[in-house]
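Contents: one structure, followed by commentary.
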Amino acid sequence: LHVRRRRQRQMCIRDRGKIMQTIEYKKYRIDYVYDCSEGYDELDHYTVWTPNGLDMVSEDFATIEQAKLFIDDQTKGEK
């Protein structure tokens, strides 16, 4: 059940927010998500996706640099 709810939340964030930019960094995908639709909280953050693109590994980074630092920490020791 937990995995299902997590996946539904990921899809909701992905589908409501407008992907303004996507970059690849160390095989991860970083999306810049922005949406200021009336009646919703403003979305303005970077989201990091796993290398296979199936799971959001973290979200709500205020800057691209913070997202890259997160990925750097996750990939320490990998060659």
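In this chain, numbering begins with 1 at the start of the sequence shown. Here the structure is a predicted model, which is why all the values come from computation and not from measurement.
Applying the side-chain contact (heavy atoms from CB on, under 4.5 Å) criterion to Asp73, with sequence neighbours excluded, gives Lys76. With sequence neighbours excluded, the residues forming a side-chain contact (heavy atoms from CB on, under 4.5 Å) with Lys26 are Ile71, Asp72, Thr75, listed by chain and number.
Note on Ile23: it clusters hydrophobically with Val57, by side-chain heavy-atom contacts below 4.5 Å among ILVMFWY residues. Criterion: ILVMFWY side-chain heavy atoms under 4.5 Å apart, direct or through other members. Under it, Leu69 and Val48 are not part of a common hydrophobic cluster.
Ile30 has its side chain out of reach of Phe61: every pair of non-hydrogen atoms, C-beta onward, lies at least 4.5 Å apart. Asp31 has its side chain out of reach of Met56: every pair of non-hydrogen atoms, C-beta onward, lies at least 4.5 Å apart.
Atoms OG1 and NZ, on Thr50 and Lys27 in that order, are 13.0 Å from each other to the nearest 0.5 Å. Interatomic distance, OH of Tyr32 versus CD of Gln21, reported as 9.0 Å (0.5 Å rounding).
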Check against side chain to side chain donor-acceptor pair (under 3.5 Å), Tyr46 and Asp60: CA-CA 6 Å; Tyr46 291 86; Asp60 295 330; over 6 Å; no
